[in-house]
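Let me begin by presenting the structure, written as structure tokens, before commenting on it.
In each ligand, atom 1 is the first atom listed, and ligand 1 is the first ligand listed. Values reported hereafter were calculated over all heavy atoms of this structure, with side chains retained and with hydrogens, waters and symmetry mates removed.
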Amino acid sequence: MPLLEDTVGVEDLILLEPLDQESMLKNLQLRFENKEIYTYIGNVVVSVNPYQQLSIYGPEFIAKYRDYTFYELKPHIYALANVAYQSLKDRDRDQCILITGESGAGKTEASKLVMSYVAAVCGKGEQVNSVKEQLLQSNPVLEAFGNAKTIRNNNSSRFGKYMDIEFDFKGSPLGGVITNYLLEKSRVVKQLKGERNFHIFYQLLAGADAQLLRALKLDRETSHYSYLNQEVSRVDGMDDVSNFKAVQNAMTVIGFSEEEIRQVLEVTALVLKLGNVELADEFQANGTPASGIRDGQGVQEIGELVGLNSEELERALCSRTRETAKEKVVTALSVIQAQYALDALAKNIYSRLFNWIVNRINESIKVGTGEKKKVMGVLDIYGFEILQDNSFEQFVINYCNEKLQQVFIELTLKEEQEEYKREGIPWTKVDYFDNSIICNLIEHNQRGILAMLDEECLRPGVVSDSTFLAKLNQLFSKHEHYESKVTQNAQHQYDHTMGLSCFRICHYAGKVTYNVTSFIDKNNDLLFRDLSQAMWKAKHPLLRSLFPEGDPKQASLKRPPTAGSQFKGSVSTLMKNLYAKNPNYIRCIKPNDQQQRGLFSSELVATQARYLGLLENIRVRRAGYAHRQRYGTFLERYRMLSRSTWPRWTQGEQEGVKKIMEEMNVASGELAYGKTKIFIRSPKTLFYLEEQRRLKIQQLATLIQKMYRGWRCRTHYQQMRKSQILISAWFRGNMQKKLYGKIRASTLLIQAFVRGWKARKNYRKYFRSGAALTVANFIYKSLAQKFLLGLKNTLPSHKVLDKTWPTAPYKYFNTANQELRQLFHQWKCKKFLDQLSPKQVEVLKEKLCASELFKGKKASYPQSVPIQFRGDYIGLQGNPKLQKLKGGEEGPVLMAEIVKKVNRGNGKTSSRILLLTKGHVILTDTKKSQTKTVIGLDSVTEVSVTSFRDGLFSLHLSEISSVGSKGDFLLISEHVIELLTKMYRAVLDATQRQLPVTVTEKFSVKFKDGSMAVKVIQNPGGGGDGKLSCKKKGGHSLEVTV
Ligand SMILES: Nc1ncnc2c1ncn2[C@@H]1O[C@H](COP(=O)(O)OP(=O)(O)O)[C@@H](O)[C@H]1O
Ligand SMILES: [Mg+2]
């Protein structure tokens, strides 16, 4: 408690020591004198009216109380409003703020403080602000029309008001509903000494500008209006002019249209003007008294003001039509009766106007039904009143206060104590006064005063206030809270304050004597049908709408409910409403009757404290527990305070609560565990728990936030990742697709080109450009054809030796022509060969062999070619002698001729017969035919010839041969070509050896006694004749000249 140091007395009366009436009063007085007007009893605020402006209100204070908990700052209405509002917001409980106290104790002011606090702390925003403004601005309007100066209070509420402010789940105001209770309408026509009529009349006259006044047919002078009390027209500290502006402004803010405001003022003016209608005695023809309007001007003006026929109005005012089932009877009213009707009309118009205004405000501030809302009700009802002369109004007002006291008793004293018992909490009973007996006395359905009053009103026969009183006296003669002259007399009491027409009720707040006069009338609250019908006929839309029953079609003969039963009904609704909400009390106390600052009348305060039951309240509170809650809800609210109960608790609720409290180290004296609820003794403990909860929730919120952020980031990341993968997949896919498309396109292009190229190639020939080639080919072909066909006809002869061949007609046929010529020649040769006999073939083979051996080498070769090889040049065939030379050798003689043998010794030649067989060369002397030399062909190794025309040749023999020892032979033959050819072939046949035939000019010949070099020289002159000469030069050299 930061302000503990400068505390005056005790701030919470629970801490009071000693606890008695005196010290309580002293404490209140001490605090009052130190301008500490608020004191707690637990969570109840006791407020003592300071009758002066204190600087403890306004935005800074609101801000302060908003941030601190209940017990941290000085007691204040703001603190209570804060608790109520927070509880509404946090705990989702509808709240009501019950403001009670006598008239002038400060209830209306307190209610305004509550509203301004709530308006300041609840949500912000354009919409919210306009709702707030409308709610706040309803006050000045209702005060102007429903408040008046009384002797007790310059601004006394003359109606009960209960306002439900509705909030959304965030605690922002949505709108509200105002319920009003029974306006003290008698004030419209009559006020007590020192009191005023409702403020609006004075405000209108003082505040309206001249133009408006003229339009309303009014003048500024209050004294000109008989409904306005003549002595008091002004109230100290109240500026009617500026208030009028404020009211008009407030109506605009609430949403009244200009037209509506004008109509409201017109009806207000109408009431004032009705008061000025003067009635005059008249007499009917039969002498019965009647009445009439004295001054037609006023009625005329009224008629003009609200669009009413003045004559009709006069008729309605001065006569009465009684309708029965059969007939309609019109009776004239006496002046007194007419005056009564006039006043009734004025009162009715005004109170209906007031109801209309409340409804109109409700229309503006009402909330759509769909929304789920939380409600804070603020009840500011007229306070308990004890006047000099108390009438029906006071009776009703006090009944209402009695009921409120009952709520208080029920909820704070009775119910609380009963709860302790129920919950099994040890408890010593605190006695208190239970006022339900008084409530019963008034409201009992069959036997209550209100029921009796209704009964009297409805009863046929002669009914009067005194019959009503008689009935009460009879019924309640033994009732301890009821007194009257009759009951007093019965008990032989003498009481000069008790009038004959009075009864007294011992209210909780004191004894009040009521005068029954006009109880019946006021309860009936009847308005002659002539008047309501007249009003309904008015052209003024607002006035007309105030009297729906004036519509003849709507006319019903049923009585409207009486004022008393209506009031009882609405009080009972109110009670139900209050019981359904969490109550918060502000108990207002009036320090003195003089509305004076600084004056503290202990006596007066003591009475109020007594009947308010403050002391009992303190006692119960002190012994009891400030706070209780079901285990379930408690656990739900505080389970985050313990690790074992958070986040889940599976065992019993009570165990869970105990666990939390153990962990929170709450002193055991602070707690009591009931059967279903936990009880916490001091609010401090609760605030401590709340604070811990707040801290914990912050931590949890951070945790949740952390988890949420993490989760959000994670999912975001995952989403991004997924998206990225998706995008890249698509991108890659797209790339590949594009690439594929490109490749495909390229392939197609290449394909197309290739196909095109191929096609073009194939088709080129069909093209004009290919024609040349085709033509050229064709020409070429036809030329070739022509050439070949031509050739067929001009072929040369088939003779082999005919080498002629036609030349090609064109150069480019040359190669082909040459080939053809070759072919033709070969073909001719083949043909020629095919026709040859084997013998001829053999001859040709020999010739061929000779050609291979000597062609181009030996000069004598060409001569040998055309000559046939005869082989036998010595006539061997027919000569057996010669045949013998052959010896026994098988086979034919291949060659037989005469050759010359060069003698190795001298170089001289000698003839020899040479036979060549298949295996041998046989040389025989021509004369001595016995001597012969046989040389095996296998021993002939080489043959040497010259390149000249001569027939010289040398047979080189191998040394191992039989004749070899004699050496080589140097021979001369005339048919050297034929001989050597045949020898070559014979060697080849016999030994498969190619006999080397060497064409040379120098060769060496081996002899027995050594070798000899032979050199052949051509004789320059000679040649061809075959003659040669050999000259031996030295031992080893031989020169042959040919
Ligand atoms: N808290 C307060 N501060 C200053 N004056 C107050 C306060 N409460 C009441 N008053 C004075 O007392 C008068 C009567 O208060 P009001 O609330 O109208 O009484 P009630 O509604 O209980 O009849 C007010 O007009 C005002 O002058
Ligand atoms: Mg009031």
Just heavy atoms, cut-off under 4.0 Å: does [X] contact ligand 1 by side chain, backbone, both, or neither?
X	value
Phe384	neither
Gln52	backbone
Thr108	both

> N/O/S atom of Ser157 under 2.8 Å from the Mg ion (ligand 2), yes or no?
Replying inline: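 So Ser157 does bind the Mg ion (ligand 2) by this criterion.
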
>> Under 2.8 Å from the Mg ion (ligand 2), can any N, O or S atom of Tyr382 be found?
In response: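 Checking the Mg ion (ligand 2) against Tyr382, no N, O or S atom falls under 2.8 Å.
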
Ligand-side contact atoms (ligand 1) for residue partner [X], heavy atom cut-off under 4.0 Å:
X	result
Gln53	4 (C)
Tyr51	12 (O)
Asn155	18 (O)
Glu102	22 (O)

> Of Gly101, Pro50, Ser103, Gly106, which has the heavy atom at the shortest distance from atom 15 (O) of ligand 1?
Replying inline: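 Shortest heavy-atom distance from atom 15 (O) of ligand 1: Gly106.
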
>> Just to check, does Cys588 reach to within less than 4.0 Å of ligand 1 when the distance is taken from its heavy atoms?
In response: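 Checking ligand 1 against Cys588, which is what was asked, there is no heavy-atom contact under 4.0 Å.
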
List the closest protein heavy-atom neighbour of [atom]: residue, atom name, distance to the nearest 0.1 Å.
atom	value
atom 6 (C) of ligand 1	Asn49 OD1, 3.3 Å
atom 26 (C) of ligand 1	Glu109 CG, 4.1 Å
atom 16 (P) of ligand 1	Asn153 ND2, 3.5 Å
atom 1 (N) of ligand 1	Tyr57 OH, 3.0 Å

Salt bridge [X]-[Y], side-chain N to carboxylate O under 4.0 Å:
X	Y	result
Asp525	Lys185	yes
Lys403	Glu443	yes
Arg196	Asp240	yes

Crowding at [atom1], [X] (>12 non-hydrogen neighbours, <6.0 Å):
X	atom1	answer
Glu60	CD	yes
Gln594	CD	yes
Gln52	CD	yes

> Are side-chain N/O atoms of Asn577 and Lys581 paired as donor and acceptor at under 3.5 Å?
Replying inline: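 Short answer, yes.
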
>> Side chains of Arg504 and Thr497 only: does a donor on one sit below 3.5 Å from an acceptor on the other?
In response: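 Judged by distance alone, the side chains do pair up.
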
> Would one find an N or O of Gly104, backbone or side chain, under 3.5 Å from an N or O of ligand 1?
Replying inline: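 N/O-N/O distance below 3.5 Å exists for this pair.
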
> Backbone or side chain, does any N or O of Ala105 fall under 3.5 Å from an N or O of ligand 1?
Replying inline: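 N/O-N/O distance below 3.5 Å exists for this pair.
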
> Are there protein heavy-atom neighbours of atom 10 (N) of ligand 1 below 4.0 Å?
Replying inline: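 True for atom 10 (N) of ligand 1.
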
